[in-house]
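Since the structure comes first, as structure tokens, the remarks are kept for the end.
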Amino acid sequence: MRREPTEQEIRDQRMYVKFGLTDDEYARICTRLGRLPNYTETGVFSVMWSEHCSYKSSRKHLRRFPTQGTHVLQGPGENAGIIDIGDNLAVSFKMESHNHPTAVEPYQGAATGVGGIIRDVFTMGARPIALLNSLRFGTLDQARTRYLFSHAVEGIAFYGNCIGIPTVGGEVVFDARYAENPLVNAMCIGLMTHDQIATGHASGVGNPVLVVGAKTGRDGIHGATFASAQDPNEKERSAVQVGDPFMEKLLLEACLELIATGRVVGIQDMGAAGLTSSSAEMASRAGSGLTLDVSRVPCRETGMSPYEIMLSESQERMLVVMKEGESAIAEEIFAKWGLEATVIGRVTDDGSLRITEGERVAAELPIAALVDEAPVLDRPAVRPAYLDQLNVAPVRLSTQGDLTGDLLALVAEPTIASKEWVYRQYDTMVRTETLVRPGADAAVIGIPDSQKAIATSADGNGKYVYLNPRQGGAMAVAEAARNIVCTGARPLAVTDCLNYGNPEKPEIFYQFRESIDGMSEACEKLGTPVISGNVSFYNETGGQDIYPTPIIGMVGLLEQAERLVTSAFKRGEGAVYLLAPKGQAIRDGLGGSAYLAMKRPDEALSYQLPAFDLDAEKAVQDACLALAEAGVLAAAHDISDGGLAVALAESCVQGSVGLAVAVTIAPDDEQEVLLFGESPSRILVQVRAGQEKRLKELASSFLVSFLPLGAVAETDRFHITLNEKTAIDAEVSALRDAWRGAIASWMN
Amino acid sequence: MNCAVLQFPGSNCDQDAVKAVAGTLSLKADLVWHETADLNAYDLIIVPGGFSYGDYLRAGAIARFSKAMQATVAAAERGAYVLGICNGFQILTEAGLLPGALRRNDHRQFRCDMVELEVVNGATDFTRAYEKARVTIPIAHGEGNYYVDDEMLKRLEENQQIVFRYASEQSPNGSVANIAGVINERGNVLGMMPHPERAVSERLGSTDGISLFRSILTSWRDGHAS
């Protein structure tokens, strides 16, 4: 066995720097302990004080999120949040990033991201019922992007399909800004009854502490520190964990069976920083201490040191505290599933984390120092200069304008195009409760033996946040909620995954801080508290940062699943309307739009976003929800990337119907803004046959405008007339082929 | 009719099968753990989808050695109905209850989709309730590429053992002769890659799986009426 460096060597050779600790932080540790930390202790501190575990850059700002609500059963701070959905039922969910591992090893990086978020949810006692993922890659003309993209998707499919949880939704965006720093944000939703709620508390002096699930190996050591470093090219493949969904399926069933016995005191996933963070966090929440003997941890390899065992990020493991004298219950249940459950220590009351290797004390650290006293940074934020150089957005880009050709090209932009190439690799239907599969505004999942269903979506637009951090943050929340109300569901709560560049740059930190304020304002206004989340910084390579990309995962409730509204236009139903803020159906130019990026790529980041108003947004969403609940909607579809024309095309393609739209606009030259502008707060609705009068009555009670657009037709023709002149005339089948075939044509 | 749904470590469509049996036949199926060696009480044994034993080595290759599968082979010999769905079909071929093998999809990707099937043989005990020749049932698999050699294919065709074919010209996985499901010569063991248990209500997008479950019950009743 290799000799570990001594305390003095760590200090003299500044070895702690390699662990990710600064001189300042190391000095603080020495002062706090009143001695020099040994090798294991230095390792434990370095992961607990890493950005990934301590949230040292973000913690102060995350406190601004609204987290309260009468329906919130568990807010942030646990493995996942929980909301009440009535009838003694609750839903637990969370989203988490696995960006850095994916950049290095996309298949395992993405797969273990899925595995980790599933554990976070079933640790709470909930049975996972759905997965979503939000992905960002570079552009598909790059071979490396195609490699990262295809392998990440395959890794997500591998894990979710095997474990038997349907992947029901999400989004994929392609932009050169993510070429070196792809984003993989995975979200999991679980269902439980109120009495099944479990938490990560290590309480009750003398209670046994068990490691359950997979054996511990040398994989993923220092994964948490690695996620807090900058350049993925300098990151080691060996620090990426390897996932085994079969093992996790067994662990899931065994843990749920164990939690159902009511004998579990606390349970926590061993995610980032493995045994170190799970034990320290569980003891911290309970205000207790722990003594753990690492020589009792079942290891995959021989000769593992306390340092390696404490820092291993081997997957599919849990830390469980049982009631005293009842560890045999865990051993028996786990044996049935072919897994080990091993007592490795006990709960104490001395507030310290004591790691022994047999009789020898390998580390002894105050838990408060590891968790509560982790550094909280007050990073400087400076408004980036580019924000003050943005111009008022143009309303017109082409002079002669082949708008039909533009629409065909726009629906074939990979970000807008159908993601069927992705989601047909996912099992979207297992559990037989998927009522709306991927490809819609939001997925809808039925609740077994109940009239209820939940709707869920994951949304974000990094470019919007880049162009206006505060407004962009609010718009991300608004879009997620709009997607939910389009199904007829009422938005309930949010999980967020906050992906940013290097927080040590004041301009990046400004983006972070401002967008948090924007998201908070929107969550407040829309009544959707944040119940869980994750921050991923240092998404930066060679000085280039990603767009600030907060992703919002939202869950809403449909009391009557049969009232569900989908985005496909339907034959034999009524007219199509544009639901928009009062007097603002068309406005504000082409800033931030996919159309601008396609037509004038060099100017994509030169203009201001269209205006956004939270009160107007709320009015539109309330109106949509009221109409859906009244049963007058045949279809509803959120208008987002690509604007009105793309949304109309999508609803036609999904319903296999034609459309004739005739609109009068003034002034005449704003047709591109009407067709392709991305003003927020707009929803396409198709009224049910014979319900026009009711629609108008109901709509008049909200401060919204209803612009009649046209009618669905039993043809293959997609026809838009503006001021009595044909603007777009395309075959629906041509739009469908362009939209559905785009990503496949790059990948095959 | 007593119905069992086998449960291996890694099965994940077991609950869906139980739900489908309850929903279509109003019967309560028992979940039977893989270590159970006695299936004498059952008239229908469903080998469900999933990734039994992680599908290590080869899909279905380890499950065939389980006690429950040995009992299933014995049950098939005494004439009980056996329905293998997806991973269950893979296990039945590994166990020698059905001819052929299921290889990795020719395009190398997992594929989940609603697919159209042709009911090639609507006279089996599993398909007699079908009134139409085309049905829509979802698939979800990475290894559904059915293979038999030419000689066996000829035998399957002659004996009318091909029960379902993918209706589209291009199969979703590369299967020989577009085969989606086959039955044994005796007619009591059916294996199919598509998931009939996922096509049992309008809200799931198809009800075309219902007739399969109803066919089995009707056949069983006929067998027991005489």
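Side chains are part of it too, since the values below use all heavy atoms of this structure and drop only hydrogens, waters and symmetry mates. Just so we're on the same page: letters track the sequence lines, and every chain starts at 1.
In terms of non-hydrogen atom pairs under 4.5 Å with chain B, the most contact-rich of A/Glu433, A/Glu420, A/Met247 is A/Glu433. Between chain B and the residues A/Val153, A/Thr428, A/Asn161, the most heavy-atom pairs under 4.5 angstrom are made by A/Asn161.
Side chains of B/Thr127 and B/Thr124: a donor on one and an acceptor on the other come within 3.5 Å. For the residue pair B/Arg128/B/Thr218, the side-chain donor-acceptor check at 3.5 Å is not satisfied. Side-chain contact annotation: B/Arg165 with B/Asn178, donor-acceptor N/O pair under 3.5 Å absent.
Only the backbone of A/Ile163 has a heavy atom closer than 4.5 Å to any heavy atom of chain B. Heavy atoms closer than 4.5 Å to chain B are found in the backbone of A/Thr434, but not in its side chain. Interface residue B/Ser11: only backbone heavy atoms are found under 4.5 Å from chain A. Of the two parts of A/Leu435, the backbone and the side chain both hold a non-hydrogen atom closer than 4.5 Å to a non-hydrogen atom of chain B. Interface residue A/Glu154: only side-chain heavy atoms are found under 4.5 Å from chain B.
Geometric assessment of A/Lys249 against the ring of A/Trp337 yields a negative cation-pi assignment under the 6.0 Å and 45° thresholds.
Between B/Phe89 and B/Tyr146, the ring planes lie parallel to each other; the angle is under 30°, not in the 30° to 60° tilted range.
No donor-acceptor pair under 3.5 Å is formed between the side chain of A/Asn133 and the backbone N or O of A/Glu171.
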